Amino acid sequence: MSGLRNSPALLQYVDDELLRAPLLFDQIVEGATEHARHALPTMSMFERNVAGETIEALQAKRARLAERYVESLRVQVETELAKPDALAAAPSRAAMPVVLALVEEDAVALEVEQSHIVQLVRSTAEQEMRELATFLAALVGDMDVAQDHNPFPPDVHVRALWTAAQALPLTRGHQMQFMRWAG
């Protein structure tokens, strides 16, 4: 897949998508703030205050958030495209050592929240994802659509959104609220 992965057509697609990423981020922020504004009447006073602070910070730091979003997308995609063929380079399961580690509760909660948002995006955009898979397979010459060639799957966008949300000068709760709205 390495040859397919780095086809000129796919690389051009990646460049085009990265150029469009700031516009996509603007749409995400608009959708998130619109969602929050519609939900305001059903919120408690505390939730309205949190929503107001989050919306205000989103508007004030929008350019910085967009930069972080785009940079995270770029790094993730470049890292993925630089990897060798996943099937050829994957070690056998028997050769992989088992590693156990302690994990902070906050990290687990963040991971769970992000996976919920990824699932929400996947279920919402299922049809578009199928069409995109077909388009990208054609770009790289995979006429059987045997693999997913999408360098921008939902989890990449969610991680980029989280990177951007961390630039909000607010608490983690505010940042997670933005993530939920964006989802």
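Fair warning: this is a prediction, and the values are worked out from it, not measured in the lab.
Side-chain atoms of Leu73 and His157, non-hydrogen and from C-beta on, do get closer than 4.5 Å to each other. For the pair Leu161/Phe178, a side-chain contact is recorded, criterion being any heavy-atom separation below 4.5 Å from C-beta on. Annotation: side chain of Phe152 is in contact with side chain of Leu18 (closest heavy-atom distance under 4.5 Å). At least one side-chain heavy atom of Asn150 sits less than 4.5 Å from a side-chain heavy atom of Met129. A 4.5 Å side-chain heavy-atom check between Leu10 and Ser7 finds at least one atom pair inside the cut-off. Side-chain contact between Glu30 and Glu34: absent, with no pair of heavy atoms (C-beta onward) separated by less than 4.5 Å. Side-chain contact between Ile55 and Trp181 is present, with heavy atoms from C-beta onward closer than 4.5 Å. A heavy-atom distance below 4.5 Å is found between the side chains of Trp162 and Met176.
Across all non-hydrogen atoms, the minimal contact from Ala182 to Ala32 is N-CB, 3.9 Å. Nearest heavy-atom pair, Val77 versus Pro151, reported as atom, atom and distance to 0.1 Å: CG2-O, 3.2 Å. Summarising the geometry of Ala160 relative to Ser72, their closest heavy-atom pair is CA-OG, 3.4 Å, with the distance given to 0.1 Å. Summarising the geometry of Met43 relative to Ala36, their closest heavy-atom pair is CE-O, 3.9 Å, with the distance given to 0.1 Å. The nearest pair of heavy atoms linking Gly183 to Ile117 is CA-CG2, 3.9 Å. Between Leu65 and Ala164, the shortest heavy-atom contact is CD2-O, 2.6 Å.
Separation of atoms CG (Leu139) and CG (Leu11) is listed at 10.5 Å; rounding is to 0.5 Å. Between the CG atom of Leu170 and the NZ atom of Lys61 there is a distance of 10.0 Å, given to the nearest 0.5 Å. Taken from OG1 in Thr42 to CD in Glu47, the straight-line distance is 7.5 Å, to the nearest 0.5 Å. A distance of 4.5 Å separates CZ of Arg159 from CG of Asp155, quoted to the nearest 0.5 Å. Annotation: the span from His35 atom NE2 to Arg180 atom CZ amounts to 10.5 Å, rounded to 0.5 Å. Distance check, rounded to the nearest 0.5 Å: CD of Gln166 to CZ of Arg68 gives 6.0 Å.
Side-chain N/O atoms of Glu80 and Gln76 include no donor and acceptor closer than 3.5 Å. For the residue pair Arg62 and Gln59, a side-chain donor N or O sits within less than 3.5 Å of a side-chain acceptor on the partner. Looking only at atom types and distance, the side chain of Gln12 has a donor-acceptor partner in the side chain of Asp16 under 3.5 Å away.
Using a 4.5 Å cut-off between side-chain heavy atoms of Ile, Leu, Val, Met, Phe, Trp and Tyr, with links allowed through other members, Val50 and Met179 fall into different hydrophobic clusters. Both Leu132 and Leu81 belong to a common hydrophobic cluster when Ile, Leu, Val, Met, Phe, Trp and Tyr are linked at side-chain heavy-atom distances under 4.5 angstrom. Residue Phe135 is grouped with residue Val156 when hydrophobic side chains (ILVMFWY) are merged at heavy-atom distances under 4.5 angstrom, including chains of intermediate members.
A donor-acceptor pair under 3.5 Å links the side-chain atoms of Gln175 to the main chain of Leu168, judged by distance alone. For Glu78 (side chain) and Val75 (main-chain N/O), no donor-acceptor pair under 3.5 Å exists by modelled atom type.
Classification of the Phe25-Tyr69 ring pair by plane angle, with boundaries at 30° and 60°, yields tilted.
Ion pairing of Glu17 with Arg20 is present here, as a side-chain N (NZ or NE/NH1/NH2) and a carboxylate O approach within less than 4.0 Å.
Around CD of Glu56, the count of heavy atoms belonging to other residues, nucleotides or ligands within 6.0 Å does not exceed 12.
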